[in-house]
Amino acid sequence: MDSMMINKSDTHILPTTFRYHSPSSLEEAIVLLNRLGQNSKVLAGGTDLLIQMKQGLIKPKHLVNIKNIPDLKGIKDEGDGFFIGATTKLRNIERSKIIESKYPILRDTVKAMASIQIRNMATLGGNLCNASPAADTSVTLIALGAKASIARLSEDCSISLNEFFVGPGETVMHKGDLLTGVKIPYPQPDSGTAFVKLGRTNLDIATVNVAVSFRIVDNLIQDVRIVVGAVAPVPIKMNVVEKSLEGKIPGKQIFEDASEYCCDSIKPITDIRASADYRVKVTKALVYDALVKAWSRAKEE
Amino acid sequence: MDELADELKIDPLDFRLKNYIGEGDLFWGQGPTVKTIIQSCGVEEILTQGAKMVNWYNRPKPEEQTGRFKRGLGMGRGYHTSSAGAPVPGNVIDFGGAILKLNEDGTLDYVTALMDHGGGTLEAHAKIIAEELNVPLNNVHIVRADTSTTIYDVCTHASRGIYSGGGAALKVATHVKEKIRDYAGKMLDAYPHALHFRCDEERGQGVIYVVGVKGKELTFAEIASTARHKNWATVASVESYRQPSCPPHFTGYFIEVEVDTWTGKVRLIRVVAGADIGTVINPDLAAGQIHGGFAMGWSMVILEDTPYNNVTGDLVNCGLVSDYKIPSSQDLPSLDAFTVFFTDTYEPTGPFGAKGLGEGALNPVAGAVANAIQNALGVNFYELPITPEKILEALGEDG
């Protein structure tokens, strides 16, 4: 078939031919990915990858399914935090009792993503490696201080998720590397966290999303993390604004000031979902809402 | 309408009550040959009852609201012709066609080209036939049909499924009824015009009988079987029918919203919708059609857009539905916050007094939502969709 004849923008057909691989161990997968090199793509849930293939945006010659690797699945207590495997489905995170009690923010985040049907397919690792600037789990996991666990031929490594993203669709991982999961430190006492998202509809990708986390110790704010998504090529951690809140007494005015401060520090783009100007304006509302919500959760602790 | 009322210093609801086309007025349904004198009108009932339900005259005033979240209550009134029926031929084609056959077990097969889009249209036809023939509803089978097995019908559009398609269903039912009457007269040795019909729930049958003469009674099954055994005929009829009128159905929406002045997001608080569709044949499904019409209207006023790239001229969403947003159930109000009521009206030309609903369910939504936003913010919008961005822009210009 003449490739020009294929409707590449709106089709259910994968307009390329590819070979399918399904390794059953991590070692096998790493060797395979290194051998296949540039022409391969890792397949987890496929909710981003297959759509990009259907649109003809990418044409991998090899797909490597990693869902048959047992080590990459599930949530484990590792003594100093929880490890969530890369192929853990978003729906399993949403329904996990551990996540509900330890990291309510992550449950809120996953619940706000797409529809149940998509969450049944989509994986945590996929959401991170797709590296969309608007990804929801990215901001939340950065706010939780999570680290990415990367397997590679030479030596496995672990890197703060805040340094994991390089640009839209780009991470620090090299060809042949595989994200095995994320490690989230145990939640600290007296902490409050919140995720807030704005989209055109409830099923939409974020126009802007925000995750915050802080502790209230002796009625003073500590260990603040504010992360804003969809306003830059990568999720933005608001280091300066965070510092401005450290040691302050929590209150609506101080949170409003901090949220205004965030708007001054971002330079978003205009796309189909919103204009740059709009993104700046709503960032204030979202950061404020997230700070207030996290505050009320910290008080419940 | 709200702006005209404001100019005249009249409440917008009162202004509508003074200015509408109602009973006895000429209504242009569709062009010069499709028009009618309105014989049923529930506008006043829709407006007054809806106003009572939402406490209309105490709605908020935009200038009295402070803070981030502002509430507004708006209303819009709508109408649409039910089909393009007319007393004269004209150049608009709108007629229905139906086939109805009585089977030897007393059930009926009903064949129409008209399709059910999920509004329960064909169940309504079955109800019309069951009512006319005095048979249990379950005895009317709707046959899966296609073009080669049906007669012509302009099908399901133009708010004509119940009024016009149902009109054809009623006509074919009355013809089958007359045939049943004739055969029964022969079999019972009675005058056909002296015979009466009733539904015998116990036997699950329509029954025809002579009043006061014991034993002079037949079930529909007995009539159909006899007609077959005696080589008379199948008790069946094929009819085309054009409605002689195009009565408007009327709707009114009262919509309460809350606008987040920081994000421009408009949240629905509640909806009260009133409709005059004449006799309501399927109350739950008719209410469902209003929910659906509202959802599409809300989608139109808040979401649906097809922007083009100024430089390349390309459609920005590249034709992908993923960037052409419509609401899901999560974006719409809970059923508790959505009330539908129907007026007590009867359309003399409709099947058992029924009119259409489809388009009237959608038409006033955009205006009503825009008026609600106006009531919250004091700003009028003249372009759809009213996106959060446009709201923030307007608020920026204002403040």
Side-chain angles (χ1 to χ4, degrees), chain A residues 7-12 47-48 50-52 54-57 111-118 132 134 196-210 252 255-256 259-260 262-263 268 270-290 292, chain B residues 67-70 258-268 295-312 314-334 384-399:
Chain A
N7 172 4
K8 287 172 185 167
S9 63
D10 182 13
T11 176
H12 295 286
T47 54
D48 284 309
L50 295 189
I51 289 158
Q52 288 163 14
K54 284 175 182 176
Q55 290 178 19
L57 297 173
K111 273 194 81 152
M113 293 171 71
S115 62
I116 289 172
Q117 292 89 330
I118 290 171
S132 160
V196 178
K197 167 180 177 174
L198 189 79
R200 291 162 296 180
T201 65
N202 276 302
L203 296 180
D204 198 11
I205 307 169
T207 300
V208 176
N209 54 15
V210 173
K252 290 196 167 175
F255 288 148
E256 204 176 322
S259 55
E260 293 239 24
C262 283
C263 301
T270 292
D271 65 13
I272 187 165
R273 298 197 296 280
S275 69
D277 186 41
Y278 179 74
R279 284 194 160 97
V280 171
K281 284 182 195 162
V282 295
T283 296
K284 177 192 161 179
L286 265 60
V287 172
Y288 176 80
D289 287 347
V292 170
Chain B
R68 174 175 166 186
F69 297 96
K70 294 185 174 169
E258 184 184 79
V259 185
D260 181 344
T261 58
W262 286 13
T263 63
K265 271 272 190 184
V266 183
R267 190 165 72 89
L268 269 168
M296 288 299 103
W298 177 258
S299 184
M300 174 179 163
V301 66
I302 296 294
L303 292 166
E304 288 177 51
D305 203 4
T306 49
Y308 288 87
N309 183 312
N310 286 339
V311 181
T312 63
D314 288 338
L315 195 56
V316 177
N317 73 6
C318 304
L320 290 169
V321 183
S322 51
D323 273 317
Y324 184 81
K325 290 294 170 191
I326 60 167
S328 72
S329 56
Q330 295 178 56
D331 302 295
L332 293 164
S334 73
L384 295 182
I386 306 172
T387 59
E389 295 212 42
K390 288 181 193 164
I391 287 174
L392 286 197
E393 255 169 51
L395 288 175
E397 283 162 18
D398 238 38

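In this text, all values refer to a predicted model and were calculated from it rather than measured experimentally. Residue numbers begin at 1 in each chain, while the letters A, B, ... track the order of the sequences.
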Visitor: Who passes salt bridge (charged side-chain N to carboxylate O under 4.0 Å, His left out) against B/Lys390, sequence neighbours left out?
Guide: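 Salt bridge (charged side-chain N to carboxylate O under 4.0 Å, His left out) check on B/Lys390 returns B/Glu383.
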Visitor: Taking only residues two or more places apart in sequence, or in another chain, which ones meet B/Asp323 in a side chain to side chain donor-acceptor pair (under 3.5 Å)?
Guide: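 Partners of B/Asp323 by the side chain to side chain donor-acceptor pair (under 3.5 Å) criterion, ordered by chain and then number, come out as A/Arg200.
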Visitor: Just by modelled atom types, is the B/Arg68 backbone N or O under 3.5 Å from a matching donor or acceptor in the B/Thr261 side chain?
Guide: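 Yes, B/Thr261 side chain to B/Arg68 backbone: donor-acceptor pair under 3.5 Å.
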Visitor: With chain B, which of A/Val208, A/Thr283, A/Leu203 has the greatest number of heavy-atom pairs at distances under 4.5 Å?
Guide: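 Most heavy-atom pairs within the cutoff with chain B belong to A/Leu203.
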Visitor: Less than 4.5 Å to any heavy atom of chain A: does that hold for the side chain of B/Leu392, its backbone, both, or neither?
Guide: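 Both backbone and side chain.
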Visitor: Whether the side chain of A/Thr270 engages the backbone of A/Ala276 through a donor-acceptor N/O pair (distance < 3.5 Å, no angle test) should be reported.
Guide: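 At least one qualifying donor-acceptor pair exists.
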Visitor: Please look at B/Ile302 and chain A and tell me whether the side chain, the backbone, both or neither of the residue comes under 4.5 angstrom of a heavy atom of that chain.
Guide: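 Answer is neither: B/Ile302 stays 4.5 Å or more from chain A.
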Visitor: Report which part of A/Asp204 has an atom under 4.5 Å of a heavy atom belonging to chain B: side chain, backbone, both, or neither.
Guide: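 Interface part for A/Asp204: both.
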Visitor: Would you mind checking which part of A/Ile51 comes under 4.5 Å of any heavy atom in chain B, side chain (CB onward), backbone (N, CA, C, O), both or neither?
Guide: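 When you check distances to chain B, no heavy atom of A/Ile51 falls under 4.5 Å.
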Visitor: Does a side-chain heavy-atom distance below 4.5 Å link B/Thr263 with A/Tyr278?
Guide: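 Sidechains of A/Tyr278 and B/Thr263: in contact.
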